[in-house]
Amino acid sequence: MTQIVMHSFAKALGSRKITNDDLSRMMETSDEWITQRTGIKSRFWAEPGIGSSDLAVDATRESFKQSGTDHVDAIIAATLSPDHYFPGIGVLIQTKLGLKNIPAFDIRQQCSGFLYGIQMAHSLIKSGTYKRILLVGSEVHSTGLDISTRGRDLAVLFGDGAGSCIIEEATTAPTNTTRFEIIDSELHSDGADARELWCELPGSVHFTSAITPDEFQHGAVFPKMNGRRVFENAVKRMTEVCNSLLSKNNIKSEQVSHFIPHQANTRINEMVANLLQISPERCFNTIQNYGNTTAATIPIGFTDAISSNRFKSQEFVLSAAFGSGFTWGSAIFKVV
Ligand code: COA
């Protein structure tokens, strides 16, 4: 059977490191509160004027360097923080990289965006539509958050960053980078909970010109979250989807050498790993350094795990995510 692999993982971060103590000077919060509730110690914010497409381009250039070519047949870009209301960042990445006329997809599945992208790229290559795809997740959150005590529940959680990889058949992929065969993936969504984690405005039901000064004043342009409901659903859904995917592929959780989940909260990941009977040392977290970079957390996790030489040939690697929508999913890989 055709082996389709992800390889040449790379990341890019905002250039300003923001610690919890830095945030404590901007709003009523503390290093103790943030560390205890989330595990986050710092995050990176981009300079003003830098958009998600710029971080995506920085990560992608490094992926191209590793893969030895900048030839790809299509781009799949995942973000919830596009540079502009439209067009999406896929076309901006395409033109900034000088990739002439290739198709560019934007997917808007927030924290699950990279896993949605993996399933899409896997299927498009399996079907023979494209041979080599750039998959990149990128976010600039710092410009869209309410950086004040009013917005502190969300403002302390998020960071700016991008992560990218190349997906193609193993026969054409370079052998000098760590390669992960995509075995299978499973995705879900439930829009009934769309308003539990969302940004109401601007939007076509109520376009920018109609935003009243009062709505602006009350922060309707900033994201809102029911933290407890998101937390409970993240634990439940990530565990469910991992169990379902593992059992469908006849893989037991003790065979999983590495769990590289989305990074929303270390407590969520500890609970999911525990429910899956994956020991803490097999769960790879980066949230302490970067906060939640939404569509970029999973490729950033792969990039850092590769840099720390965690992988051995033939090991199983499991990933899972949950986010706004609600959307959630899981994917299983083998190091080849
Ligand atoms: N600093 C200090 N205090 C804060 C704060 C901050 N940054 N943010 C909120 N608080 C306060 C609240 O106002 C509340 O005060 P009160 O008790 O006087 O009303 C108190 O801290 C407790 O808030 P609560 O919401 O109950 O905390 P929590 O234990 O549920 O943790 C989250 C909050 C956000 C860390 C947690 O709910 C979470 O991680 N949820 C999921 C987040 C997530 O996954 N988001 C992204 C989706 S991918």
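Every number for a ligand or one of its atoms is a count from 1 in the order of the listing. Counting begins at 1 with the first residue of the sequence.
Contact annotation: for I268 versus ligand 1, heavy atoms closer than 4.0 Å belong to the side chain alone. Contacts between D153 and ligand 1 below 4.0 angstrom, taking non-hydrogen atoms only, involve backbone and side chain alike. The proximity of T29 to ligand 1, defined as any non-hydrogen pair under 4.0 Å, involves the side chain as well as the backbone. By the criterion of a heavy-atom distance under 4.0 Å, the side chain of M225, and not its backbone, is placed next to ligand 1.
Ranking protein heavy atoms by distance to atom 28 (P) of ligand 1, first place goes to R37 NH1, 3.4 Å. The closest protein non-hydrogen atom to atom 46 (C) of ligand 1 is N292 ND2, 3.7 Å. Atom 20 (C) of ligand 1 has as its closest protein heavy atom W33 NE1, 4.2 Å. Scanning the protein heavy atoms around atom 25 (O) of ligand 1, the nearest turns out to be R228 NH2, 4.6 Å. Given atom 13 (O) of ligand 1, the protein heavy atom at minimum distance is R152 NH2, 3.2 Å. Of all protein heavy atoms, the one lying nearest to atom 47 (C) of ligand 1 is L197 CD2, 3.5 Å.
Note: no N/O pair closer than 3.5 Å links S30 and ligand 1 by distance alone. Ligand 1 has an N or O atom lying under 3.5 Å from an N or O atom of N265, backbone or side chain.
A side-chain N or O of S81 and one of E139 form a donor-acceptor pair less than 3.5 Å apart.
Residues passing the ring pair (Phe, Tyr, Trp, His ring centres under 6.0 Å) test with H141, sequence neighbours excluded: F158. Residues passing the ring pair (Phe, Tyr, Trp, His ring centres under 6.0 Å) test with Y290, sequence neighbours excluded: none.
Looking at T149, its side chain does come within 3.5 Å of a backbone N or O of E28 through a donor-acceptor pair. Checked by atom type and distance alone, the side chain of S112 pairs as donor or acceptor with a backbone atom of T327 at under 3.5 Å.
Note that atom 16 (P) of ligand 1 has no protein non-hydrogen atoms nearby, at separations under 4.0 angstrom. Checking atom 42 (C) of ligand 1 against the protein gives a heavy-atom contact under 4.0 Å. Under the 4.0 Å distance rule, the nearest protein heavy atom to atom 10 (N) of ligand 1 falls inside the cut-off.
Atoms of ligand 1 lying under 4.0 Å from at least one heavy atom of F322, given by number and element, are 48 (S).
Around atom 48 (S) of ligand 1, the closest heavy atom drawn from S24, C111, G227 belongs to C111.
Taking a 4.0 Å cut-off on heavy atoms, T294 fails to register as neighbouring ligand 1. For H262, the heavy-atom gap to ligand 1 drops under 4.0 angstrom.
In this pair, F333 and F180 present their aromatic rings perpendicular. The plane angle is above 60°, beyond the 30 to 60° band.
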